[in-house]
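Counting convention: from 1, in listed order, for ligands and their atoms alike. Throughout, residue positions are numbered sequentially from 1 according to the sequence presented.
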Amino acid sequence: MRIGALEGGGTKMVLAVCNENGEVLDRVSIPTETPEITMPKMIAYFKEQQVEALGIGFFGPVILNEQSPKYGCVGNTPKLAWKWYPVLDEFKKALQIPVGFDTDVNAAALGEATWGITKGLKNSIYITVGTGIGAGVIVDGKMLHGMQHPEGGHILVAPHPNDTYKGKCPYHGRCLEGMASGPAIEERWGKKAYELSDKKEVWELEAYYVAQGLVDMIMLLSPERIVLGGGVMHQTHVMDLIRKETLRMVNKYIDTEELSDIENYIVLPSLNDNQGILGCAKLGMDALTAAK
Ligand code: ADP
Ligand code: ZN
């Protein structure tokens, strides 16, 4: 089976062909320019690769309400060339194959839940901490949608008493993304995040904010496991700080086997950075099954 997978990001598009066993058979990446420039290139790739179906995980916000006339469009994004662009319809029209569509983080959550570290669990969350912060949520085996989709990066956090940073989010200032994304770290400390590896105070503060986000999600959604991905998590030493902070903030209020085994509860991704693209492939497989 040849399934097309498209991980659509604000800076690059990753295009791949996968099979039903979660193997990546081919993969290319092209810069994200305007739809007029980038769409024809992507369509040509998937045609040439003769895929049977396509799964798309796209940078949000995207419209996932199937009743909406804008279903499958990009929503209110600062990337103005893509705002309201009908990604799903354009691919369907051009390729004439089943196409699945969701957010990039929901796709990553689905990739891990299908082939990775949350396989077999019905309720899990995948959080990316990178240029932005996003959360893909799987509840009872299905990706959580609603009026739109969760925006877990924009939950509000309590500022640390010693942190005077104003926050990077243009909408909320000091939301989780505003305080803990890669660009927030870089603006607050005046250096690239990877250059700050040995600065203990940087990662203690990062853990303080990320843990608040995790605690809110734990309280609200009761995930059986949480995966933390994204560029900032390449600082793997921050994982232990986040685990400790999370337990400190939960303060024994929740007493489950999962939380008592915190190293297996808050974990790194397991698919060599293929979780997003493989999740897209699963979206494509599901679209194919639904079309049969
Ligand atoms: P994106 O979110 O754009 O899809 P990434 O998940 O790679 O891409 O996130 C990019 C962000 O992650 C940047 O802000 C960068 O500073 C940060 N980042 C990338 N690599 C590292 C690293 N090794 N250590 C800390 N931060 C990193
Ligand atoms: Zn925000």
Note to self: Between D163 and R188, does any side-chain N to carboxylate O distance fall below 4.0 Å?
What the structure shows: yes

Note to self: Only heavy atoms of P183, strictly under 4.0 Å: list the atoms of ligand 1 that pass.
What the structure shows: 14 (O)

Margin query: With heavy-atom distances below 4.0 Å as the criterion, list the atoms of ligand 1 near G230.
Written below: 6 (O)

Check: Any ion pair linking R2 and E52 (charged N to carboxylate O, less than 4.0 Å)?
Finding: no

Notebook entry, point to check: What N, O or S atom of H154 is found closest to the Zn ion (ligand 2)?
Noted result: ND1

Next item on the list: Can you pull out the closest protein heavy atom to atom 14 (O) of ligand 1? Residue, atom name and distance to 0.1 Å, please.
Entry: G182 CA, 3.3 Å

Notebook entry, point to check: Just one of I127, T128, L110 clears the side chain to side chain contact (heavy atoms under 4.5 Å, CB included) bar with V105, so which one?
Noted result: T128

Next item on the list: Output yes when R248 and E245 qualify as a salt bridge under the 4.0 Å nitrogen-oxygen rule, no when they do not.
Entry: yes

Margin query: Just to confirm my numbers, could you give the angle made at the Zn ion (ligand 2) by ND1 of H172 and SG of C175, rounded to 10°?
Written below: 120°

Item checked: Contact check, side chains of V232 and Y194, non-hydrogen atoms, under 4.5 Å -> no

Next item on the list: Consider ligand 1: state whether an atom of it lies below 4.0 angstrom from any non-hydrogen atom of E186.
Entry: yes

Check: What is the nearest protein non-hydrogen atom to atom 23 (N) of ligand 1, stated with its residue, atom name and distance?
Finding: H234 CB, 3.5 Å

Notebook entry, point to check: Between W82 and F58, what is the ring plane arrangement, given parallel below 30°, perpendicular above 60°, and tilted in between?
Noted result: tilted

Next item on the list: May I ask you to check if ligand 1 and G231 share an N or O to N or O distance below 3.5 Å?
Entry: yes

Item checked: Non-hydrogen atom of V232 closer than 4.0 Å to ligand 1 -> yes

Item checked: Protein contact to atom 9 (O) of ligand 1 [nearest heavy atom, distance to 0.1 Å] -> G130 CA, 3.2 Å

Next item on the list: Rounded to the nearest 0.5 Å, what's the gap from NZ on K119 to OG on S270? Could you check?
Entry: 10.5 Å

Next item on the list: Note the single closest protein heavy atom to atom 8 (O) of ligand 1, along with its residue, its atom name and the distance in Å.
Entry: T131 OG1, 3.9 Å

Next item on the list: Provide, to 0.1 Å, the distance between atom 26 (N) of ligand 1 and the closest protein heavy atom, together with that atom's residue and name.
Entry: A193 CB, 3.3 Å

Notebook entry, point to check: Is it true that K41 and E33 make a salt bridge, defined as a side-chain N closer than 4.0 Å to a carboxylate O?
Noted result: yes

Next item on the list: For the pair K244 and D240, find out whether any cationic side-chain nitrogen is under 4.0 Å from an anionic carboxylate oxygen.
Entry: no

Margin query: Any atom of ligand 1 sitting under 4.0 Å from a heavy atom of G9?
Written below: no

Check: Among L288, L15, I3, V17, which residue meets the side chain to side chain contact (heavy atoms under 4.5 Å, CB included) test with V51?
Finding: V17

Checklist line | atom 24 (N) of ligand 1: the protein heavy-atom neighbour that sits closest, reported with distance to 0.1 Å | finding: Q235 NE2, 2.7 Å

Notebook entry, point to check: ligand 1 versus S181, non-hydrogen atoms closer than 4.0 Å: side chain, backbone, both, neither?
Noted result: neither

